[in-house]
Amino acid sequence: MRAIFFERNGGPEVLELRELPEPTPADGQVLVEVEAVGVNYRDIYEREGPGYGSRPPAVIGVEGAGTIAQTGERVAWSDVPGSYAEFVAADRGRLVPIPDGISTEVAAAAILQGMTAHYLAHDSYPVQAGDWVVVHAAAGGVGLLLTQIVKLCGGRVIATTSSDEKADLARGAGADEVIGYDGFAERVREITAGEGAAAVYDGVGSSTFDEGLKALRPTGFMILYGAASGQPEPLALSRLAPAGSLYVQRPTLLTYARTPELLDARATALFELLESGKLDVRIGGRYPLERARQAQEDLAARNTTGKLLLLPRE
Ligand SMILES: NC(=O)c1ccc[n+]([C@@H]2O[C@H](COP(=O)([O-])OP(=O)(O)OC[C@H]3O[C@@H](n4cnc5c(N)ncnc54)[C@H](OP(=O)(O)O)[C@@H]3O)[C@@H](O)[C@H]2O)c1
């Protein structure tokens with residue numbers, strides 16, 4: 001089978017298309033033919049490593065959708081190592097069945113970022129009707145889905161983006177206000193009549209985290225769920241008191257989907273939103289498997305919107 005392999009950690013050049021034997025499923029695993037692979041920012045952290053995701057030499061990636069080879073059942077997954085490939089051996093408990101009304105491609109596009117957006121808005125900080133919240137990088141994969149889910153919860157979204165095209169997409173997803181990154185805390189204060197936001201959802205990290213603390217209302221929630229611009233400086237907890245008794249969380253989907261039951265419940269909630277048409281997933285780029293390097297480069301260069309997929313059968 002063809003797969004995207006990395007021999008060592010490093011830049012995009014370490015990603016190579018290789019011809020490898022099909023994986024042999026261990027006990028509790030099944031062989032899955034991959035139809036679409038999800039590209040995520042975490043794949044860049046995994047490639048750059050060490051200490052994140054699979055240790056090289058390995059096939060990279062964790063997300064996708066396809067069919068179980070023996071049964072033909074359509075399934076999706078957000079946490080199966082070695083997913084940038086034509087076949088994966090997957091733990092049965094990490095696979096979720098795809099409902100009839102959802103295409104395999106849409107399931108691959110939505111499963112990881114959609115479940116993330118869902119737990120962020122429902123659990124990390126459960127959005128209340130009328131809340132103002134900040135969604136950074138709102139035209140990105142998580143950002144577009146999170147903006148829509150916050151709106152479904154009755155919240156109001158202040159979105160940040162870096163271009164006019166991205167601003168239009170954020171507005172299309174329901175953002176009430178779209179602003180740039182420069183001086184965003186002050187803009188949030190203006191928009192919220194001096195109060196500040198109930199929560200800041202921050203997947204950008206280094207360049208936004210500190211200012212985000214200044215955008216929060218008293219007892220507001222800083223949810224740092226990623227670091228596309230790099231890790232923020234360590235935070236002295238003593239800063240949280242004078243800033244308004246703030247809460248800070250550094251969550252991961254792995255916690256919120258750590259058992260098959262939690263995974264099933266989250267995926268079911270997500271698929272219901274997709275099937276009912278309440279949630280739309282934007283596929284911003286489709287690449288043949290061998291162009292995985294290009295996909296990661298485009299993502300890191302902020303040249304993408306919505307979800308990127310690799311299509312092993314193209
Ligand atoms: N904790 C979890 O459970 C979890 C799960 C999934 C994803 N994540 C995190 O969520 C974040 C978004 O992931 P994604 O896959 O959906 O990616 P994405 O948002 O589609 O892409 C990253 C976006 O971040 C913005 N950005 C701002 N500064 C950047 C910089 N210096 N370099 C690169 N991008 C920058 C860009 O949007 P603008 O150009 O508009 O600024 C860019 O398009 C990542 O940090 C990822 O690790 C966390």
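Order of listing sets the numbers, starting from 1, for every ligand and every atom in it.
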ask   = For atom 25 (C) of ligand 1, which candidate among A170, A137, A139 provides the closest heavy atom?
value = A137

remark   = At under 4.0 Å between heavy atoms, what of T305 touches ligand 1? The answer is neither

inquiry  = Does atom CZ (R313) have a neighbourhood of more than 12 heavy atoms from anything else shown, all under 6.0 Å?
reply    = yes

task = Among E290, E19, E16, find the one that has a salt bridge (charged side-chain N to carboxylate O under 4.0 Å, His left out) with R2.
result = E290

ask   = In terms of residue, atom name and distance, what is the protein heavy atom nearest to atom 32 (N) of ligand 1?
value = A228 O, 3.4 Å

remark   = The protein heavy atom nearest to atom 19 (O) of ligand 1 is G140 CA, 3.5 Å

message = Let's go through D100 and E275 carefully: what are the C-alpha distance in whole Å and the side-chain angles of both, what is the deciding distance for side chain to side chain contact (heavy atoms under 4.5 Å, CB included) to 0.1 Å, and is it a yes or a no?
response = CA-CA 9 Å; D100 289 343; E275 270 192 298; 5.7 Å; no

ask   = Would you call Y256 and T116 a side-chain contact if the rule is heavy atoms closer than 4.5 Å?
value = no

query = If hydrogens are left out, which of A138, S78, S162 has an atom nearest to atom 38 (P) of ligand 1, that is, the closest non-hydrogen atom?
reply = S162

ask   = Are the charged groups of E211 and R189 less than 4.0 angstrom apart, N to O?
value = no

ask   = At what distance is the nearest protein heavy atom to atom 45 (O) of ligand 1, and which residue and atom is it?
value = G203 O, 2.7 Å

query = Near E186 CD, under 6.0 Å, is it more than 12 heavy atoms from other residues, nucleotides or ligands?
reply = no

task = Among all protein heavy atoms, pick the one closest to atom 21 (O) of ligand 1 and tell me residue, atom and distance.
result = L299 CD1, 3.6 Å

For D176, the option from R156, R171, K151 that meets side chain to side chain donor-acceptor pair (under 3.5 Å) = K151

inquiry  = My understanding is that we take every heavy atom of each candidate and find the minimum distance to atom 44 (C) of ligand 1. Doing that for Y119, Y225, Y45, which one comes out nearest?
reply    = Y45

request  = Would you sort out whether V39 and L309 count as a side chain to side chain contact (heavy atoms under 4.5 Å, CB included), showing the intermediate values?
outcome  = CA-CA 6 Å; V39 177; L309 292 177; over 6 Å; no

request  = Please say whether more than 12 non-hydrogen atoms of neighbouring residues, nucleotides or ligands are located less than 6.0 Å from CZ in R250.
outcome  = yes

query = Heavy atoms, side chains only, cut-off 4.5 Å: are V32 and L95 in contact?
reply = yes

ask   = Should you measure from each heavy atom of P251, which atoms of ligand 1 turn up under 4.0 Å away?
value = 1 (N)

note = Logged contact type for V204 with ligand 1, heavy-atom cut-off 4.0 Å, is side chain

request  = Among all protein heavy atoms, pick out the one at the shortest distance from atom 26 (N) of ligand 1; state its residue, atom name and that distance to 0.1 Å.
outcome  = R302 NE, 3.7 Å

ask   = Has the side chain of S276 got a donor or acceptor atom that lies under 3.5 Å from a matching backbone atom of E272?
value = yes

message = Please work out, at 4.0 Å between heavy atoms, whether the side chain, the backbone, both, or neither of T116 comes within that distance of ligand 1.
response = side chain

key: Nearest neighbour in protein (non-hydrogen) for atom 7 (C) of ligand 1   = V142 CG2, 3.7 Å

inquiry  = Within the 4.0 Å heavy-atom shell around L253, which atoms of ligand 1 are there?
reply    = 2 (C), 3 (O)

message = Could you tell me if the side chain of F87 sits less than 4.5 Å from the side chain of L20, heavy atoms only?
response = no

task = For atom 46 (C) of ligand 1, state which one of Y52, Y201, Y41 supplies the nearest heavy atom.
result = Y41

message = Run E73 and R92 through salt bridge (charged side-chain N to carboxylate O under 4.0 Å, His left out) and show every step you take.
response = CA-CA 12 Å; E73 189 187 358; R92 195 66 189 81; 2.8 Å; yes

key: Lys/Arg N to Asp/Glu carboxylate O, R187 vs D182, below 4.0 Å   = no

inquiry  = For Q113, which part has a heavy atom under 4.0 Å from ligand 1: side chain, backbone, both, or neither?
reply    = side chain

inquiry  = Out of all atoms in ligand 1, which are within 4.0 Å of some heavy atom of A300? Include the element for each.
reply    = 32 (N), 33 (C)

query = What do we get for A301 next to ligand 1 when only non-hydrogen atoms under 4.0 Å count, side chain, backbone, both or neither?
reply = neither

message = Heavy atoms only, cut-off 4.0 Å: how does Y181 contact ligand 1, side chain, backbone, both, or neither?
response = side chain

Ligand 1 contact on A227 by region, counting heavy-atom pairs under 4.0 Å = backbone

For T252, the ligand 1 atoms whose distance to one of its heavy atoms is below 4.0 Å = 1 (N), 2 (C), 3 (O)

inquiry  = Among all protein heavy atoms in this structure, tell me which lies nearest to atom 37 (O) of ligand 1, with the distance rounded to 0.1 Å.
reply    = K166 NZ, 3.5 Å

task = Among all protein heavy atoms, pick the one closest to atom 20 (O) of ligand 1 and tell me residue, atom and distance.
result = G141 N, 2.9 Å

query = Is L112 touching ligand 1 with its side chain, its backbone, both, or neither, if touching means heavy atoms under 4.0 Å apart?
reply = side chain

